[in-house]
Each structure stands twice: as C-alpha cells, then as structure tokens.
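What follows is a short report on a single structure.
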Amino acid sequence: MDWQSDSNDIETTFAPTLEQWYTIHKRDLPWRHTVNPYYIWLSEIILQQTRVAQGRPYYERFVAAYPTISDMATADERELLRLWQGLGYYSRARNLHQTARHITEKLAGKFPDTYQDLLKMKGIGAYTAAAIASFAFGERVPVVDGNVYRVLSRVFGITEDITTTTAKKTFATLAMRLIQASVDPATYNQAIMEFGAIHCTPVAPDCLLCPVQQQCVAYLTGRQHQLPVKSKKAPVRERFFSYLVFRQNGRLALHERVDRDIWQNLYDFHLVETDEPKTALRDIPLAEPISSLVNTGRLLDAPVEAVQLLSHQRIRATFFLIELPEKVVGSLPIDLQWYSMDEISILPKPVLITNYLAKQFA
DNA sequence: AAAGCGGGGTC
DNA sequence: GACCCAGCTTT
C-alpha cells in the first residue's frame with residue numbers, strides 16, 4: 001500500500017484532527033473537570049435528549065444535593081423528582097435513583113467500570129455506557145449520539161435513514177473503526193460531540209472553517225444541508241385536559257400520576273380527559289363521587305386555559321377552581337389528597353401545573 | 001421495528 | 001411551525 005495515500009486516509013486522520021480541533025475550541029463545562037464515574041454518569045443522564053445549556057444548572061443542583069452516589073441512593077425519590085422537575089423524560093430520574101441504589105447496595109458502591117457492565121444498569125444504553133466507559137475509565141469504545149450521526153453522515157456521505165436499525169449498525173461500525181486511530185479515546189469522543197454541537201451544526205454548519213472540509217463528502221458535493229437523512233416522526237397527538245382544582249380551607253386536592261402515561265410519579269389535580277375541548281364546567285362528564293363534590297362547591301373565577309407543548313403531544317388544558325365549604329367532610333376519591341400550599345411547593349409537578357399554580361395563586 | 005416519553009432553544 | 005437536543009425502555 002502506498003504510504004502517502006494511507007497517511008492521508010480520512011479514516012486514520014479523522015480522529016486526531018478532531019482531537020486537535022477540540023483542544024482549541026472546547027467549552028469549559030463542569031463535568032469536564034472530573035473522571036469520577038458518578039459525576040460523569042449523572043451528567044450523561046441529564047444530557048440525554050437535552051441541550052447543555054438546559055442541563056447544566058440541573059447538574060450543579062444535583063451535585064450539590066447529592067455529592068456522592070450513596071447520598072443519591074438514600075434520597076427520597078419524590079425529592080429527586082422535584083429536583084428533576086422541568087427537565088422532562090422523568091423516567092431518567094426514576095432510573096437514576098434505582099441505579100444509584102443498585103450500585104450502592106448490591107455492588108458495594110463500586111461503579112461498573114466496563115462498557116459491558118455499564119450496559120446492565122437501568123437507564124444506561126449504548127451511548128451512555130460508551131460515554132462513561134471512555135470518560136471515566138479510558139476504554140476505547142465510541143459514543144454514537146445525535147451529533148455523531150450528523151458529523152459522520154456528512155463527512156462520509158452516508159445517506160441511510162438514521163432512524164433505521166441497519167443505519168445505526170453502519171454508524172456504530174464506522175465509529176468503532178474511527179476511534180482506533182484516536183490519540184486518546186476519551187478526548188476523541190468529547191471532540192466529535194463538541195464538534196457536532198458547536199461547529200457541524202444542524203443548520204448553518206461552519207463549513208468554511210472546517211478542519212475536515214477537504215475530506216467531507218457532503219461539503220465537496222454540496223449536500224451538507226441534506227444530511228443526515230432522518231425520516232419524519234409521527235404527528236403530534238392532540239389531547240384535551242379538564243382539571244378540577246378542589247380547594248378547601250386553603251388546601252388543594254392533588255393526585256399522583258401512576259398510569260402508563262406522561263408525567264409518571266408527578267402530581268396534578270383531578271383530571272377529566274375528553275376527545276373534544278371543554279370550556280364550561282357543565283359540559284364535563286363527571287362520575288361519582290366527583291359530581292357530588294362539584295355540586296356542593298362553587299366555581300371560582302373564570303376557568304384558566306393553558307397549552308402545554310410536548311414533542312409528541314399538544315395538551316389543551318382548562319383549570320376549574322372549585323371551592324368547597326369548610327364543613328363538608330364529603331369523601332374525596334381515593335387517589336386525591338389534600339395538600340397545603342407549602343406541601344404542594346415541594347411536590348414534583350409537570351410544568352403545566354407549576355405554571356397554573358403561579359398564575360392562579362400568584 | 002416502532003412507539004412512547006418533556007421541555008426548551010433556534011431558525 | 002419544524003427541527004432537534006451527549007437516548008432509553010417497552011411493546
């Protein structure tokens with residue numbers, strides 16, 4: 001093989017080139033100052049499907065609240081969810097707690113230190129296992145996240161739909177080849193993600209100042225804006241929520257969401273979901289004992305309307321504040337419980353509910 | 001293989 | 001309004 005073409009092969013120069021770029025352009029982020037697997041893990045879970053700017057303050061608060069994995073293991077799950085409030089994908093918080101307890105109690109506090117063992121933990125998939133294994137333990141295993149799909153699809157001109165299983169395999173295989181040529185696998189993994197996040201961005205990538213410009217298939221063929229190829233996702237589901245907010249003696253009736261639905265283990269009010277929007281209390285279908293409760297109370301103020309946008313649902317909510325007479329002891333449905341405003345303030349709640357409380361009880 | 005799961009930033 | 005973010009779990 002000709003030595004010159006071999007040394008210029010993009011597959012062998014790619015990793016070192018990005019590592020060099022990274023040392024110059026990397027952002028100063030708190031989790032980059034540690035190799036403690038607990039902190040690395042915490043940061044990676046927070047950053048799943050979450051931008052650095054959004055996740056960073058949460059990371060700082062979690063580190064302050066739970067300096068060690070044992071602190072997190074013994075924490076109250078409700079308190080942990082409360083800290084997670086507003087970040088979304090709440091199963092991450094529940095899995096965080098479960099894995100903290102597993103490592104503390106079953107693994108004697110010893111954090112799994114290989115890609116394969118990390119994969120066994122709840123909430124740790126291929127990406128996160130690779131991130132922890134390389135950042136904390138130096139293992140030569142590549143991260144493949146949204147940034148990596150974008151960068152590799154462009155540089156190597158891969159047109160497979162990244163949502164398919166075969167494409168994921170293609171990228172994983174290529175990534176595994178590329179990391180072999182890295183000087184340091186941890187630095188390279190950081191580098192390719194940082195490069196995707198701040199240079200090879202989804203729109204308006206900075207091709208003119210790109211370190212691999214002359215090797216980039218997408219740039220050389222003018223296709224950087226068409227890559228990566230990603231099939232459309234399902235349309236957003238419309239949902240109509242009517243919340244009955246019962247108040248008595250200054251306390252509100254709340255309910256923990258335990259169904260297989262959004263906001264599991266968070267708290268909201270008595271919910272009536274309908275297929276059509278309902279803006280009047282009398283139009284809302286009610287069953288006992290709720291209907292009796294509504295009849296003994298009186299509707300306060302005008303209903304408050306709100307729209308909460310999720311990536312997969314659009315929720316149109318109407319809140320009806322219903323004041324119950326002091327003496328009525330009437331039966332509250334078993335899933336509803338009275339909470340003082342102080343107690344409510346420390347319950348984990350969806351943003352929709354937090355916003356309503358701020359507006360109604362400001 | 002596909003669906004379900006938050007909330008926010010950016011253009 | 002559309003896209004997408006240091007993805008994972010369940011069906």
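All figures in this text were calculated on a predicted structure; none of them were measured in a lab. All values below were derived from every heavy atom in this structure, side-chain atoms included, with hydrogens, water molecules and symmetry-related copies excluded. Order of the sequence lines sets the chain letters (A, B, ...), proteins ahead of strands, with each chain counted from 1.
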Base, sugar-phosphate or nothing for [X]? Non-hydrogen atoms, less than 4.0 Å.
X       : result
T50(A)  : base
W31(A)  : base
L87(A)  : base
Q190(A) : base
N189(A) : nothing

(message) Does dG7(C) have its OP1 or OP2 closer than 4.0 Å to a side-chain nitrogen or oxygen of Q48(A)?
(response) no
Which atom pairs, donor and acceptor, lie under 3.5 Å between side-chain atoms of residues 301-314 of chain A and protein residues at least two apart or in another chain?
{"from": "D301(A)", "atom 1": "OD2", "to": "Q360(A)", "atom 2": "NE2", "distance (Å)": "3.1"}
{"from": "Q313(A)", "atom 1": "OE1", "to": "R239(A)", "atom 2": "NH1", "distance (Å)": "2.9"}
{"from": "R314(A)", "atom 1": "NE", "to": "E238(A)", "atom 2": "OE2", "distance (Å)": "3.0"}

(message) Can you tell me how far apart OH (Y356(A)) and OH (Y243(A)) are? Round to the nearest 0.5 Å.
(response) 11.5 Å
How many whole angstroms separate atom [atom1] of [X] from atom [atom2] of [N]?
X       : N       : atom1 : atom2 : value
L309(A) : dG1(C)  : CG    : P     : 9 Å
I192(A) : dA6(C)  : CD1   : P     : 13 Å
Y90(A)  : dG7(C)  : OH    : P     : 18 Å
Y89(A)  : dT10(C) : OH    : C1'   : 14 Å
K120(A) : dC8(C)  : NZ    : C1'   : 18 Å
N95(A)  : dT9(C)  : CG    : C1'   : 8 Å

(request) May I ask you to check if R56(A) and Y59(A) form a cation-pi contact, with NZ or CZ under 6.0 angstrom from the six-membered ring centre and within 45° of the axis? (result)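 Checked: cation-pi criterion not met.
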(request) Report yes if a donor N or O on one partner sits less than 3.5 Å from an acceptor N or O on the other, where the partners are the side chain of R92(A) and the base of dC8(C); otherwise report no. (result) no
(message) Restricting to non-hydrogen atoms, name the atom on W338(A) and the atom on R251(A) that form the minimum distance, rounded to 0.1 Å.
(response) CZ3-O, 3.4 Å
(request) List the atom of A93(A), the atom of L81(A), and the distance in Å for their closest heavy-atom pair. (result)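 Closest approach of A93(A) to L81(A): CB-CD2, 3.8 Å.
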(request) Under 4.0 Å from any atom of DNA chain B, heavy atoms only: list the residues of residues 125-154 of chain A that qualify, in numerical order. (result) none
(request) Give a yes or no on whether the ring-centroid distance for F171(A) and Y149(A) is below 6.0 angstrom. (result)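 Ring-ring flag for F171(A)/Y149(A): true, centres closer than 6.0 Å.
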(request) Check whether any side-chain heavy atom of I290(A) lies under 4.5 Å from a side-chain heavy atom of V272(A), and answer yes or no. (result)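 No, their side chains stay 4.5 Å or more apart.
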(request) Report yes if some heavy atom in the side chain of R82(A) is under 4.5 Å from a heavy atom in the side chain of K349(A); otherwise report no. (result) yes
(message) What is the first contacted nucleotide of DNA chain B and what is the last, in 5' to 3' order, if contact means an atom lying under 4.0 angstrom from a heavy atom of chain A?
(response)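 Span of nucleotides near chain A: dA1(B) to dG9(B).
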(request) For nucleotides dC8(C) and dG8(B), find the distance between their P atoms and express it as a whole number of Å. (result)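 About 22 Å, rounded to a whole number of Å.
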(request) Report the residue from W21(A), Y188(A), Y22(A) that forms a ring-ring contact (aromatic ring centres under 6.0 Å, His included) with F195(A). (result) W21(A)
